[in-house]
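First the structure, in the form of structure tokens, and then the observations on it.
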Amino acid sequence: SAIQMTSFPSPLPVLQTAAQSKSPKSPTNVHLGIPSPSGSNVRRHSSQSPALQGLSVFQSSKDTVGGADGNQAGDAKSPECKFDLDSKSYGYDVHQFEYNLRRAQHYGSSACAKDTCYLLRHVLTKGRFDTWGELLESIQFIGEKLVRARPLELVIGNIVKRLLFIIRREHRYFMKLQRKREKFAANKSGSGVGGGGKFQPLKKHMKEIVLSQKDIREEDETLNPSILDIFHSREELNYDAGKFESKTKSVIINELNLLIEEIENTYQSIEEYSVEHIHSNEIVLTYGYSKTVLHFLKHAAKYRSFEVFICESAPSLHGQSMADDLIQHVNTHKNDKNCNIQSVTLIADSCIFAIMSRVNKVIIGTHAVFANGGLLSHSGTHGLALAAQFHSVPMVVVTGLYKLSTLYAYDQDTFNEHDVPSNLIPFEKQSEFHLNGGNVSVQNPVFDYIKPEFVEIFLTNAGGHAPSYMYRLLSEYYDTTEDRL
């Protein structure tokens with residue numbers, strides 16, 4: 001019978017058909033439409049996708065040797081052939097989450113990031129790993145599989161890379177502690193302590209040895225070295241040498257729980273800065289719908305009196321939902337002093353430039369933040385940024401650090417996708433506009449890339465940062481060196 005995914009919460013119920021529940025075979029490859037790990041459909045997503053930067057193709061040194069014929073050489077290059085996911089206790093959960101990603105059954109980056117953490121925590125809890133290298137290979141393989149399912153949901157890759165950073169950091173702490181204990185044992189053995197029935201006291205002292213704050217700082221500096229370290233040889237780490245202990249697994253799971261808590265408290269952490277950036281009698285302009293911006297404005301309304309202009313963000317018209325939620329909040333608290341928003345005005349996107357001269361501040365959310373300080377936001381935000389720059393209106397971006405990515409975008413097409421043209425012009429009306437001849441191409445991009453020079457400041461759950469400083473935050477949350485096993 002099919003195994004139900006109940007080990008970690010999911011925003012949507014698991015989809016199953018009657019045929020799936022009766023089938024004795026694995027439901028992940030037959031009924032869910034997910035390609036089999038040994039099938040030929042696994043290469044339909046190019047490994048050169050920009051969203052896969054930093055997640056190198058899974059390759060094991062054990063499989064690079066052997067196989068003189070072309071078929072075996074081709075199989076050796078396939079990442080799917082080296083990791084039997086179906087044999088793992090968590091294989092079905094990974095397949096089901098991948099299926100949900102392919103069907104776009106996640107709404108919002110925050111929910112997707114938390115579900116990715118839940119899945120990785122489930123993998124750590126149920127999986128058995130003999131060495132650190134096996135753990136890193138498993139997480140990296142699963143992360144690449146999820147990123148391929150939804151390349152433009154960049155928070156998936158961010159969470160996976162952050163977990164890889166945590167694992168590598170804990171491995172360095174583990175190796176540092178091992179060296180410290182070996183040095184202590186060698187010194188005691190050289191001085192004659194530990195012999196003649198004194199092994200038990202020595203073993204007791206070994207367990208009492210822990211890492212100091214100085215040792216931790218030294219290992220943190222070597223994890224992400226500075227540019228001066230390119231002139232010195234770095235220590236090559238062998239992740240397959242050390243045994244992975246269950247006590248260390250609990251430490252990594254606790255770090256992942258802290259990451260989940262950080263994502264859940266993102267809105268509360270960011271909204272505390274609203275009073276410092278929104279002043280009384282100001283006019284604030286925002287674009288589309290963003291939960292972070294909504295919480296930001298609600299908290300500022302408790303202490304400041306201001307007006308809000310919202311662009312409707314055509315053709316999705318998410319700005320209408322933003323205005324509706326904000327108006328409901330105003331009507332709910334109109335008799336108390338917890339909401340001092342004077343007015344909420346919904347404007348068309350074509351009115352942005354005309355009204356920008358009256359605006360004091362532009363506050364927007366974002367889908368992703370890149371390493372160079374640029375950001376990916378709703379389609380149409382680029383025109384808003386141009387108008388704000390022309391009128392010298394500061395643009396403030398509110399976002400959680402889990403959206404900070406190690407990737408770079410250089411134009412509007414690097415990270416973008418196009419929605420169906422029927423959202424602009426319905427298919428039944430194309431003949432009225434004479435579009436059936438094939439001479440007109442209807443483009444409906446989903447995102448806009450905003451260059452860092454358009455942004456005044458990023459307000460994150462770790463404080464405010466200039467766009468030029470965002471790259472520095474990468475060394476605190478990700479492994480900026482070559483991502484290899």
Side-chain angles (χ1 to χ4, degrees), residues 9 11-12 104-115 263-352 354-356 358-367 377-381 384 388 393 395-400 402-403 419 423 446 459-461:
L12 292 177
Q105 293 182 358
H106 284 83
Y107 305 96
S109 299
S110 177
C112 189
K114 287 190 292 185
D115 286 346
I263 298 174
E264 293 176 346
N265 298 331
T266 297
Y267 300 142
Q268 291 77 10
S269 301
I270 295 178
E271 67 184 15
E272 295 178 357
Y273 302 100
S274 60
V275 182
E276 302 176 7
H277 295 272
I278 297 181
H279 304 90
S280 298
N281 300 323
E282 282 191 341
I283 297 179
V284 177
L285 177 64
T286 186
Y287 189 91
Y289 190 93
S290 173
K291 288 185 179 180
T292 311
V293 176
L294 183 62
H295 285 79
F296 193 82
L297 296 177
K298 286 181 179 179
H299 187 268
K302 297 179 182 179
Y303 309 96
R304 300 287 187 267
S305 176
F306 56 95
E307 301 179 37
V308 180
F309 283 77
I310 303 175
C311 304
E312 62 179 0
S313 180
S316 62
L317 302 180
H318 290 160
Q320 296 182 5
S321 302
M322 180 75 170
D324 183 64
D325 291 351
L326 201 57
I327 290 174
Q328 289 183 8
H329 178 73
V330 172
N331 294 334
T332 303
H333 299 277
K334 62 181 178 181
N335 295 327
D336 52 35
K337 297 182 180 180
N338 291 330
C339 186
N340 298 316
I341 297 179
Q342 299 176 6
S343 63
V344 178
T345 306
L346 182 68
I347 64 173
D349 297 343
S350 57
C351 303
I352 291 177
I355 205 172
M356 187 60 70
R358 297 178 52 196
V359 174
N360 300 104
K361 198 175 277 79
V362 175
I363 302 177
I364 61 172
T366 177
H367 181 74
S377 190
H378 301 289
S379 177
T381 315
L384 175 69
V393 177
M395 175 176 286
V396 179
V397 179
V398 290
T399 180
Y402 66 91
K403 295 184 180 181
D419 207 348
N423 291 339
V446 178
L459 295 181
T460 69
N461 48 318

Open item on the list: According to ring-ring contact (aromatic ring centres under 6.0 Å, His included), does anything in residues 314-351 pair up with another residue at least two apart or in another chain? List the pairs.
Closed with: H329-H333
- [ ] Drop me the distance from L326's CG to L346's CG, to the nearest 0.5 angstrom.
- [x] 11.0 Å
- [ ] For E264, enumerate each residue passing the salt bridge (charged side-chain N to carboxylate O under 4.0 Å, His left out) test, keeping only those at least two apart in sequence or located in another chain.
- [x] none
Open item on the list: Contact between F306 and N281 at the side-chain level, heavy atoms closer than 4.5 Å - yes or no?
Closed with: no
- [ ] Report yes if the side chains of I263 and S110 come closer than 4.5 Å at any heavy-atom pair, otherwise no.
- [x] yes
- [ ] Name all residues meeting the side chain to side chain donor-acceptor pair (under 3.5 Å) criterion together with T399; count only those two or more places apart in sequence or in a different chain, and write none if there are none.
- [x] none
Task: Over all atoms of both residues, closest heavy-atom pair of D349 and S313 - done: OD1-N, 3.1 Å
Open item on the list: Please enumerate all residues that pass side chain to side chain donor-acceptor pair (under 3.5 Å) together with Q320, with sequence neighbours excluded.
Closed with: none
Task: V362 vs I364 side-chain heavy atoms within contact, under 4.5 Å - done: yes
- [ ] Using side-chain contact (heavy atoms from CB on, under 4.5 Å) as the criterion, list what pairs up with D419, not counting sequence neighbours.
- [x] N423, N444, V446
Task: Considering all heavy atoms, the nearest S290-G365 contact - done: OG-CA, 3.7 Å
Compile the donor-acceptor pairs under 3.5 Å between side chains in residues 292-303 and protein atoms, sequence neighbours left out, one pair per line.
unit_1 : atom_1 : unit_2 : atom_2 : d
H295   : ND1    : K291   : O      : 2.8
H299   : ND1    : E271   : O      : 2.9
H299   : ND1    : S274   : OG     : 3.1

Open item on the list: Would you say that I352 contacts C311 through its side chain, given a criterion of any heavy-atom pair below 4.5 Å between the two side chains?
Closed with: yes
Task: Residues which pass side chain to side chain donor-acceptor pair (under 3.5 Å) with S305, listed by chain and number, not counting sequence neighbours - done: Q342
TODO: Just jot down the side-chain contact (heavy atoms from CB on, under 4.5 Å) partners of S379, sequence neighbours excluded, or say none.
DONE: P445, D448
- [ ] Could you list the residues that satisfy side-chain contact (heavy atoms from CB on, under 4.5 Å) with S269, not counting sequence neighbours?
- [x] N265, N461
- [ ] Search all heavy atoms of V359 against all heavy atoms of K361 and return the closest pair with its distance.
- [x] CG1-O, 3.3 Å
TODO: Kindly compute the distance separating OG (S343) from CD (E307), expressed to the nearest 0.5 Å.
DONE: 3.5 Å
- [ ] Return the minimal non-hydrogen interatomic distance between G400 and I270, and the atom names on each side.
- [x] N-CD1, 3.9 Å
Open item on the list: Apply side chain to side chain contact (heavy atoms under 4.5 Å, CB included) to residues F309 and I355 and explain how you reach the verdict.
Closed with: CA-CA 9 Å; F309 283 77; I355 205 172; 2.9 Å; yes
Task: All side chain to side chain donor-acceptor pair (under 3.5 Å) counterparts of E276, not counting sequence neighbours - done: none
Task: Over all atoms of both residues, closest heavy-atom pair of H378 and Y287 - done: CB-CE2, 4.0 Å
Task: Side-chain heavy atoms of I341 within contact of V308, under 4.5 Å - done: yes
TODO: Ignoring hydrogens and angles, tell me if any N or O in the side chain of Q328 forms a donor-acceptor pair with the backbone of D325 under 3.5 Å.
DONE: no
TODO: Verify, without hydrogens or angle tests, whether R304 (side chain) and I278 (backbone) share a donor-acceptor contact under 3.5 angstrom.
DONE: yes
TODO: List for me each residue that meets side-chain contact (heavy atoms from CB on, under 4.5 Å) alongside E272, sequence neighbours excluded, and say none if there are none.
DONE: none
Open item on the list: Pair K403, S109 - check side chain to side chain contact (heavy atoms under 4.5 Å, CB included), show working.
Closed with: CA-CA 8 Å; K403 295 184 180 181; S109 299; 3.8 Å; yes
TODO: Search all heavy atoms of I310 against all heavy atoms of L285 and return the closest pair with its distance.
DONE: N-CD1, 4.4 Å
